[in-house]
Protein chains: 2
Amino acid sequence: MKLLIVEDSQRLRKSLQLGLKHLGFTVDTTGNGREAIAYLRVNHYDVVLLDLMLPEVDGLSVLKEIRHRKKESAVIVISAKDQVDDRILGLDLGADDYLCKPFDFDELHARIKSLIRRKYQLHNNVMVFGKLKVDIDMRSVAVNKQAVNLTPNEYSILALLTMNQGKVMTFNNIENHLYDSYSSVTRNAIEAHISAVRRKLKAHQVTDLIKTRRGFGYYIDAVE
Amino acid sequence: MKLLIVEDSQRLRKSLQLGLKHLGFTVDTTGNGREAIAYLRVNHYDVVLLDLMLPEVDGLSVLKEIRHRKKESAVIVISAKDQVDDRILGLDLGADDYLCKPFDFDELHARIKSLIRRKYQLHNNVMVFGKLKVDIDMRSVAVNKQAVNLTPNEYSILALLTMNQGKVMTFNNIENHLYDSYSSVTRNAIEAHISAVRRKLKAHQVTDLIKTRRGFGYYIDAVE
DNA sequence: AACGGCTCTGAAGATTTGCTGAAGATGTGC
DNA sequence: GCACATCTTCAGCAAATCTTCAGAGCCGTT
């Protein structure tokens, strides 16, 4: 899951970044609207946290840009408590949620999870695949109630493929979800992770779940 | 599907080429307008990506040339954000779409697919042929919901014949669609691919779909 | 600050898959 | 039946992918 934080205050930005990264999200941050738009053009974000008070290009313009180009990003508008006008404008322009400063971090986390569930049309936090269960909330995987011990990156890859079952995820897609915009890895790193996930699933008698689409990437067959 | 990329910046050109090739397109590239016109005179392209800022011969002249000679190519004009005049001129001259730099690669991909759909008058991404389904988006083929495991070249040939059903595709047509301008193969390579496609379809009880027009090439009968 | 454990990464080699052209078989029109 | 086009099979080659592994880095603990 990848997030973009657009927030003027460096203090808050940094603290949100660390907190969300800790929860397993991949996080890009920026403090101004112009850069935010540049980021949005290059990457895909599941959720954008958007403060409306920004230098250079204001938050509403960023919101317009998102709605214009990237319908798949959910937007949570963050704003100081007294800016009621902002609030109205934000919802009119299609913000998906709204938080007043100061807000509770757990509240934010809950709303992010809620938007992600909505995006992927999940009715609860667990996806079932025959014997396999992927718990989005816990970031854990189990086969027949036996936990599969995946590392964070391994889990992220499996979750991405699971949530996009039936679609081929390219190396770019995967890299986008695992790494923030400052990182850079060879595709072999992803191959190695895939290999590890397959090996660990195989130890639980789950084979051929992750399939290779040569020249494109990886996918999991959709189940009805 | 064959594309021509006309783009001054070598960096961007190369990255687009690799990215699009990976998505299954056949790609020619050039960095100047003179060469672009030469390419256009020799090959057929489904889509041309055209940067208007070019050395030697400017982009608008290339666009005129395309519209003058080659009505079957769709054109996506690429331009820096502030060149609004270019935009107006481009659309006046009949660009089919327009993208500002920097643009999102997936956005580009989506627009290319959209133009291809329009060109072949497809209403969605799946072409149905009795039991046979060809999914343009996924580059996959299925018979009675059973996937037919085609290699990239095999798929490309079948897609070409399908999208041009009722028309005979010559060896030249097919070679044009499968290979960029720097490759060269014997016609037997294509015969071998056709043979493989027929064999794989036959395994799914689909026979006599691809017909041979002796001395000309291959075709699939149009269905109403 | 040092330590231990875990994870990540890129290299290297093994393996798999796909492409091509050759060669011989088969088919077609005359 | 002949000449030629097309079909099929196959093996060598090239490229993509898989697997393993060791070194580096990170994180929490002491």
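Throughout, protein chains are lettered first and strands after them, A, B, ... in sequence-line order, and every chain is numbered starting at 1. If you're wondering where the values come from, they're calculated on a predicted model, not measured in any experiment.
- Distance, A:Leu178 CG to C:dT7 C1': 13 Å, rounded to whole Å.
- Atom CD1 in B:Ile194 sits roughly 17 Å away from atom C1' in C:dT26 (whole-Å rounding).
- Applying the 4.0 Å criterion to OP1 and OP2 of C:dT20, one finds that B:Tyr179 has a side-chain N or O inside that range.
- Nucleic acid contact class of B:His22 (heavy atoms, under 4.0 Å, all strands): none.
- Each end of the helix from C:dA1-D:dT30 to C:dC30-D:dG1 yields a helix axis from five base pairs, and these two axes differ in direction by 40° (to the nearest 10 degrees).
- Looking at B:His44, its side chain never comes within 3.5 Å of a backbone N or O of B:Asn176 through a donor-acceptor pair.
- The interatomic distance linking A:Leu150 (CG) with C:dC6 (P) rounds to 16 Å, in whole Å.
- For the residue pair A:Asp46 and A:Ser73, no side-chain donor N or O sits within less than 3.5 Å of a side-chain acceptor on the partner.
- Nucleotides of DNA chain D that come within less than 4.0 Å of any heavy atom of chain A span, from the 5' end to the 3' end, D:dA16 to D:dG28.
- If you measure from atom CG of A:Asn149 to atom P of C:dC8, you get 11 Å, rounded to the nearest angstrom.
- Atom pair B:Asn153:CG and C:dT17:C1' shows a separation of 13 Å (rounding to whole Å applied).
- Rounded to whole Å, the distance from CD1 on B:Ile190 to P on C:dT20 is 9 Å.
- For B:His193 and C:dT17, the NE2 to P distance is 17 Å, given to the nearest whole Å.
- If you measure from atom CD of B:Glu175 to atom C1' of C:dT20, you get 13 Å, rounded to the nearest angstrom.
- In this structure the side chain of A:Tyr155 never reaches within 4.5 angstrom of the side chain of A:Ser140, judged on heavy atoms.
- A salt bridge links A:Asp96 with A:Arg118: at least one charged nitrogen is closer than 4.0 Å to a carboxylate oxygen.
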Between B:Tyr218 and B:Phe171, does a ring-ring contact (aromatic ring centres under 6.0 Å, His included) hold up when you go through it step by step? CA-CA 8 Å; B:Tyr218 302 95; B:Phe171 282 91; 5.5 Å; yes
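- Look at A:Thr151 and you'll find a side-chain N or O under 4.0 angstrom from OP1 or OP2 of C:dC8.
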For a quick test of your reading: what N or O donor-acceptor pairs under 3.5 Å do the side chains of residues 194-203 of chain A make, sequence neighbours left out?
residue: A:Arg198; atom: NE; partner: A:Ile210; partner atom: O; Å: 3.4
residue: A:Arg198; atom: NH2; partner: A:Ile210; partner atom: O; Å: 3.0
residue: A:Arg198; atom: NH2; partner: A:Thr212; partner atom: OG1; Å: 2.8
residue: A:Lys200; atom: NZ; partner: A:Asn149; partner atom: O; Å: 3.1
residue: A:Lys200; atom: NZ; partner: A:Glu154; partner atom: OE1; Å: 2.7

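- A salt bridge links A:Glu65 with A:Arg41: the closest approach of a Lys/Arg side-chain nitrogen to an acidic carboxylate oxygen falls below 4.0 angstrom.
- Which of C:dC19, C:dT20, C:dA23 sits closest to the side chain of B:Pro152 comes down to C:dC19.
- Using a cutoff of 4.0 Å between basic side-chain nitrogens and carboxylate oxygens, B:Arg187 and B:Glu175 are not scored as salt-bridged.
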Please report, to 0.1 Å, the donor-acceptor pairs under 3.5 Å made by any side chain of residues 122-130 of chain B, with sequence neighbours excluded.
residue: B:Asn124; atom: OD1; partner: B:Val126; partner atom: N; Å: 2.9
residue: B:Asn125; atom: OD1; partner: B:Arg117; partner atom: NH1; Å: 2.8

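- The stretch residues 198-218 of chain B touches DNA chain C through B:Arg214, each having a heavy atom under 4.0 angstrom from the strand.
- For the salt bridge (charged side-chain N to carboxylate O under 4.0 Å, His left out) test, no residue two or more places apart in sequence or in another chain qualifies with A:Asp106.
- In the model, A:Arg139 has a side-chain atom that pairs as donor or acceptor with a side-chain atom of A:Ser156 under 3.5 Å.
- With respect to the salt-bridge test (charged N to carboxylate O, under 4.0 angstrom), the residues A:Lys21 and A:Asp180 do not qualify.
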